[in-house]
Amino acid sequence: MFNYLYRKTSLLLFISFGITAFAFSLYYLFPGDLLTNMTGITNITEENYQFLADKYKINESIITQYLAFLERLYQGDWGVSINTGDSIYQLIFNLLPATIELALYALIYSFIVAIPFGVLSASESHPWLDKGILSLSLIGFSMPIFWLALIITFIFSISLGWFPTSGRLSLVYDIPPETGFILIDILISDVPYKAEAFSDALEHLAIPTFVLAAYPTTVLIRSTRQSMKSVMQKSYIKAARAKGLSTWQVLKRHGLRNGLLPVIQTLGIHFGTLITLAMVTEVIFAWPGLGALLVDAIHQRDFTTIQGGLLVISALVFLATILFDVLYMIFDPLARIRGHGKI
Amino acid sequence: MAKFKIFSTPINSSPLKQLWRAFHQNHFALVASWGLMFMVFIAIFGGLLAPYSPYVQHQDALLMPPAWHDEGNIRFMFGTDALGRDILSRILEGTGYSFGLAIIAVLLALSIGFFIGTIAGFSKGVKASFLNHILDVALTMPSLLIAIVIVAILGPGISNTFWAVVLAMLPQFIHHVRTEISELLDKEFVVAYTLDGANKFQTFRFALLPNMIERLVIFSTMAISSAVLDIVVLGFIGIGAQSPEPELGAMIADNLDVFYLSPWTVMLPGIALFLCILFTNIVGDGLRHALKKRRRQ
């Protein structure tokens, strides 16, 4: 186990180096003036230039510049946005919770929906159910996320008027941002309209969560179905049945425990896609998150914001992937043995 | 008297032929493969079939509903958008952009990935483990995110999108080919080839290649659907193909303002897109099942 954790830590170090080196190289890859790309200040005067050149060490070797970059990253001095002049660090970490919130709820939702469906479709006694669920998941898999979003909005927001079309919270409610997670913020705030604001936030969440959950749900259904199918044919399941356990007992005590382990692994593999799709969902629903910020920055060629956004998102994806991997190892003792000799 | 065994002739056809035999027993997938061929046909010849240029604006027919609608006009089969552009022409041309470019991107990534992956599969030691680490890092990033990163560096535009998608898919192809080759190299029949005195190229050509093709075809089919998705999503969020170009994702984003007024401007390109991806996925799934069936025989 320690050996495994050691390997994962070294991978983490390798990845951190990779990400920061990549983010640093963006300074040179982006077109335009090097110092502007680093600081985000567009019109640098003569006397300022000398000061900034010293501070950012642009006349020294690449390695010194990289080390200075790491130091600035650590201190939270990430430069300012080229367009608005706001601090990038502030901007990104104010918006990051919104993205994580959306992705997290979608993940929880897809867990709740996908696992029962996956287990049901794995059972031998309902072949028609299996076919139906599989073709539904194939359709969900083939639907471009923005098109699904438009159809759902058209039906539930425009025609039926049940849910709002975009945004995170109605402008009527003024919730002071504490953590950045809207539901938690409402719960810990002391405003008189707490209950109304909470239900309003839930209504705003409903459609984006459902749309974003479509992809992980289909993936999870497929992987649950496959692993349950192979687990239910094992001899220990037969032995449990022969003992006289009911179907539910067999599932609870033996089937799910073994069948759901590969699902954790699948989740880790697809978490990056989930975050990317969350970024797209944000753009569609005007959700004030990191993805919307990044896409806007790409439009406006705001290089400092692009760099900061990419850095945070890729770090998030890698951290989550490693975390899921560690979780998998903790839950599955067999994988620990198999894990030797891998990265 | 000699007895003839008429019904138990062994199947001696090539693996690909056997795969096809197993594939076309699945009618669902067979129909989808015809649909896929139709879409490929449109992607290639769509521009020639289009009744109008996708850019020309018919001022006398703004937001015309499709022909089957009461107020529709047969001049514009699928209606027109807010600028009076014929939607049928734009879809025919746009399929070439979204679907055709995705196929070309996959073919390109396949050939480059095949080349690098083969070399990597044969190499051992430090070189291989270094490549392993790089690939592991690259594979953790989803292809759409890599594409967004590349577009962010290169700037928006359809040609940049194309290169972004190619580069984003490359690690997957390299990884696939590399694992396939290193797995096959351990098999006994390949070792027998080497012991017979075959050099590396001969081993590759006669022992490895025939056993890799099927899986590569399946993998590429699945890659096409994700490439289409990447291209249209980039187009939709406005950092891929730019506005007047008839790329399907950009088209849908263009017509968002009039979506609630005239839904067909968004629904029809969406359906075309959905069919492309669905057919590709069904064919890929069918091929995978067919391969499983054939291997079991």
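Below, chains carry the letters A, B, ... as their sequence lines are ordered, and counting in each starts from 1. Every value quoted in this text rests on a predicted model; they were computed, and no experiment measured them.
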Whatever's closer than 4.5 Å to a heavy atom in chain A on Leu278(B) counts as both
Do the side chain of Asn255(B) and the main chain of Met251(B) share a donor and acceptor less than 3.5 angstrom apart? yes
Using non-hydrogen atoms only, which part of Leu154(B) is less than 4.5 Å away from chain A: side chain, backbone, both, or neither? backbone
Report the C-alpha distance between Phe141(A) and Val219(A) in whole Å, list the side-chain angles of each, state the deciding distance to 0.1 Å, and finish with yes or no for side-chain contact (heavy atoms from CB on, under 4.5 Å). CA-CA 8 Å; Phe141(A) 207 63; Val219(A) 168; 4.0 Å; yes
Keeping Thr99(A) on the side-chain end and Leu290(A) on the backbone end, is there a donor-acceptor pair under 3.5 Å? yes
Which region of Leu145(B), side chain (C-beta onward) or backbone (N, CA, C, O), has a non-hydrogen atom less than 4.5 Å from a non-hydrogen atom of chain A, or is it both or neither? both
Interface moiety of Ile271(B) toward chain A, non-hydrogen atoms closer than 4.5 Å: both
Of the listed Leu150(A), Ile284(A), Ile306(A), the one with the largest count of heavy-atom pairs under 4.5 Å with chain B is Leu150(A)
Under 4.5 Å from any heavy atom of chain B - which part of Ile15(A): side chain
With a 6.0 Å cut-off on the ring centroids, do Tyr27(A) and Phe303(A) count as close? no
Is the centre of the Phe173(B) ring less than 6.0 Å from the centre of the Phe219(B) ring? yes
Check whether Phe236(B) gets within reach of chain A through its side chain, its backbone, both or neither, counting any heavy atom under 4.5 Å. side chain
Portion of Ile153(B) that has a non-hydrogen atom of chain A nearer than 4.5 angstrom: both
Examine whether an atom of Pro263(B) lies under 4.5 Å from a heavy atom of chain A, and if so say whether it belongs to the side chain, the backbone or both; otherwise answer neither. side chain
Let me know if Ile139(A) has heavy atoms under 4.5 Å from chain B in its side chain, its backbone, both or neither. both
Where do Tyr215(A) and Ile145(A) land on the side-chain contact (heavy atoms from CB on, under 4.5 Å) test, with the steps shown first? CA-CA 8 Å; Tyr215(A) 176 80; Ile145(A) 180 169; over 6 Å; no
Most heavy-atom pairs under 4.5 Å with chain A, out of Val149(B), Ile148(B), Thr280(B), belong to Val149(B)
Any side-chain donor paired with an acceptor under 3.5 Å for Ser143(B) and Asp230(B)? yes
